[in-house]
K.L.:
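Supplied in structure tokens, the structure appears directly below.
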Protein chains: 2
Amino acid sequence: MTSANQVKKNGNIRAKSQVKILTAARTEFVLQGYRGATVQSIADRAEMPKANILYYFKNKENIYHAVLEHTLEMWDEGIGDIEADKGPKVAIEKFIEAKVRMSFKHPEASKIYAMEIIQGAPHLKDYARTYQRQWVREKAKLFQQWIDNGEMANVDPVHLIFLIWSATQHYADFETQILTIMNRADFEEDDVQQVITFLCDIILRGCGLIK
Amino acid sequence: MTSANQVKKNGNIRAKSQVKILTAARTEFVLQGYRGATVQSIADRAEMPKANILYYFKNKENIYHAVLEHTLEMWDEGIGDIEADKGPKVAIEKFIEAKVRMSFKHPEASKIYAMEIIQGAPHLKDYARTYQRQWVREKAKLFQQWIDNGEMANVDPVHLIFLIWSATQHYADFETQILTIMNRADFEEDDVQQVITFLCDIILRGCGLIK
DNA sequence: GTCTATATGCTGATAGAC
DNA sequence: GTCTATCAGCATATAGAC
């Protein structure tokens, strides 16, 4: 076996192990919180010895950082952006749909983010201060232009973004409560579609974009 | 001092200490999570020796139970109910206002509840299954009557409740993120009023209750 | 009721054999 | 790369003096 192949094979093992660890860790961090999730519990869930976990990530905080980063990346990619070119109605519709679908598909991603923010965002202050604040300002400006052009009702653009965020992520973060109240074991595609329809209906009408 | 007075005095000390402990514990549980909050950190925040904490509550889990119970009670009392007698517009308006005000006044109450639900509601399954499910069904029926009478648009009543919950609690749970994005140190009464106006505007129009 | 001292178990992390 | 053995520190909780 050549040295190049050796590296590749080892790289594969490394990559696979890391994904396995991150997946297990994400679940543990959601279920138990940062402090409550132990390296041992992550190891058990990943079906690896504890020492291997620490071999790949050195320490617990590094695991958490990797989970956060991995999660935010996946989330942002899955949502995409608000598209300006087709007007406010399509833009808001598409954005709501993407966020609702992600909430049902990857509730853990939203949950881990939510817990981080609730606890005061100790690892994400910079993320909000730079990336997110900029994003909100950009989109708010876009909404304001549509409002000024008379294309939608005069509603506060920043709070509109908060409303869409909260209403959509609620189905991920409060999954447990919603299932219990609706007396259901799982969600199905029909439920997802119904939520999309409901939220688009209310919010678009609320923005004066449908009658 | 008579025996009755002795009991009363001791009762006062006990009650005061317990409130002090519960307040400190709530903050610690929010900031650090259940496992991350230590009895010592609660004692430090309450400015009491650790042993006194355990004297009053026996163990850490009892503290958490008491915090949850105390918090839910306070929250429910502060919100009040959806009042049927003045029609959908006033009912929804009053409910949104009450929830927004509580979110800004007691964000920790909402946060501790949110963390509990996100982690799978291990201590609150029964609460959702009995009390909350019943409440939602009752209110959904009320909304449905208004819809059938043509008093409001035909929107799913259960999801409408979820929308109001999520949109209002967002200002408590995601306080940190919102402050950072808005580049503010604290909220003021004007902010609260603006949120109430915004949410009533969008949701009432979304329900066809204003033009 | 208050507080110090301490028992007991679990945690993150490391050393070193394979 | 994998895994066993182990350490040092910290957590909850209790015992018992005051």
Side-chain angles (χ1 to χ4, degrees), chain A residues 1-68 119 122-123, chain B residues 1-22 24-68 122-123:
Chain A
M1 190 181 271
T2 67
S3 160
N5 277 340
Q6 185 67 47
V7 166
K8 196 167 182 185
K9 187 184 167 189
N10 289 346
N12 274 337
I13 288 174
R14 175 165 281 270
K16 277 187 186 174
S17 293
Q18 284 181 340
V19 168
K20 220 166 143 189
I21 292 166
L22 288 179
T23 304
R26 182 162 48 228
T27 303
E28 280 300 311
F29 284 132
V30 168
L31 288 176
Q32 313 287 346
Y34 176 75
R35 196 68 172 286
T38 65
V39 178
Q40 185 63 61
S41 72
I42 294 170
D44 290 347
R45 190 175 288 273
E47 293 176 298
M48 287 183 193
K50 182 174 78 161
N52 294 30
I53 309 290
L54 290 164
Y55 167 72
Y56 281 115
F57 284 96
K58 190 172 156 69
N59 62 41
K60 184 175 161 179
E61 228 204 307
N62 282 1
I63 305 176
Y64 185 68
H65 274 132
V67 165
L68 259 189
Q119 301 200 356
H123 301 86
Chain B
M1 193 180 267
T2 67
S3 161
N5 277 340
Q6 185 66 49
V7 165
K8 195 166 181 184
K9 188 184 167 191
N10 289 344
N12 274 338
I13 290 175
R14 174 165 281 269
K16 277 187 186 175
S17 294
Q18 285 182 339
V19 168
K20 221 167 144 189
I21 292 166
L22 289 179
R26 182 163 48 227
T27 303
E28 281 301 310
F29 284 132
V30 168
L31 289 176
Q32 313 286 346
Y34 176 75
R35 192 69 173 284
T38 65
V39 177
Q40 185 63 61
S41 71
I42 294 170
D44 291 347
R45 191 175 287 274
E47 294 177 299
M48 285 184 197
K50 182 174 75 161
N52 295 28
I53 309 290
L54 290 164
Y55 166 73
Y56 281 116
F57 284 97
K58 189 173 157 67
N59 62 42
K60 185 174 159 178
E61 229 204 305
N62 282 1
I63 305 177
Y64 184 69
H65 274 131
V67 165
L68 259 189
H123 301 86

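First the proteins, then the strands, lettered A, B, ... as listed; each starts at 1. Small disclaimer: the values here were computed from a predicted structure and weren't measured. What's counted below: heavy atoms across the whole structure, side chains too, no hydrogens, waters or symmetry copies.
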K.L.:
Once you round to the nearest 0.5 Å, how far does CD1 of A/Ile21 lie from OH of A/Tyr55?
P.N.:
10.5 Å
K.L.:
Ignoring backbone atoms, test whether B/Tyr56 places a side-chain nitrogen or oxygen under 4.0 Å from the OP1 or OP2 oxygen of C/dT2.
P.N.:
yes
K.L.:
To the nearest 0.5 angstrom, please state how far the CG atom of B/Leu22 sits from the OG1 atom of B/Thr27.
P.N.:
11.0 Å
K.L.:
Rounded to the nearest 0.5 Å, how far apart are CG of B/Asn62 and CZ of B/Phe57?
P.N.:
8.5 Å
K.L.:
Calculate the interatomic distance between B/Tyr64 atom OH and D/dA11 atom P; express it in whole Å.
P.N.:
19 Å
K.L.:
Give me the residues of residues 46-54 of chain A where at least one heavy atom lies under 4.0 Å from an atom of DNA chain C, by number, or none.
P.N.:
A/Lys50, A/Leu54
K.L.:
Do any of residues 27-35 of chain B sit with a heavy atom less than 4.0 Å from DNA chain D, and if so which?
P.N.:
none
K.L.:
OH of B/Tyr55 versus P of D/dG16: gap in Å, rounded?
P.N.:
18 Å
K.L.:
So which pairs with a foot in residues 35-44 of chain A pass side-chain hydrogen bond (donor to acceptor under 3.5 Å, both in side chains), sequence neighbours left out?
P.N.:
A/Glu28-A/Ser41, A/Thr38-A/Ser41, A/Gln40-A/Asp44
K.L.:
Supply the atom-to-atom distance A/Ile53 CD1 to A/Arg45 CZ, rounded to the nearest 0.5 angstrom.
P.N.:
12.0 Å
K.L.:
Expressed in angstrom and rounded to an integer, what is the separation of A/Asn62 atom CG from C/dG12 atom C1'?
P.N.:
13 Å
K.L.:
For the pair B/Lys20 (side chain) and B/Glu47 (backbone), establish whether a donor and an acceptor sit closer than 3.5 Å, ignoring hydrogens and angles.
P.N.:
no
K.L.:
Tell me whether the guanidinium CZ or amine NZ of B/Lys60 lies under 6.0 angstrom from the six-membered ring centre of B/Phe29 and within 45° of its axis.
P.N.:
no
K.L.:
Would you compute the distance between atom OG1 of A/Thr23 and atom CD of A/Gln18 and round it to the nearest 0.5 angstrom?
P.N.:
11.5 Å
K.L.:
Write down the distance between CD (A/Gln40) and C1' (C/dG9), rounded to a whole number of angstrom.
P.N.:
14 Å
K.L.:
Rounded to the Å, how far apart are B/Lys16 NZ and C/dG1 P?
P.N.:
13 Å
K.L.:
When the distance from NZ of A/Lys58 to C1' of C/dA13 is rounded to whole Å, what number comes out?
P.N.:
9 Å
K.L.:
How close or far is atom P of C/dG1 from atom CG of B/Asn12, stated in whole angstroms?
P.N.:
11 Å
K.L.:
Hey, does B/Ala43 reach any base, or is it just sugar-phosphate, or nothing, if we go heavy atoms under 4.0 Å?
P.N.:
nothing
K.L.:
To the closest 0.5 Å, what do you measure between CZ (A/Arg26) and CG (A/Leu68)?
P.N.:
10.5 Å
K.L.:
Can you identify which nucleotide, out of D/dA13, D/dT2, D/dT12, has its nearest atom closest to the B/Asn59 side chain?
P.N.:
D/dA13
K.L.:
Using atom CD1 of B/Ile42 as one end and atom P of D/dA13 as the other, report the distance to the nearest whole Å.
P.N.:
10 Å
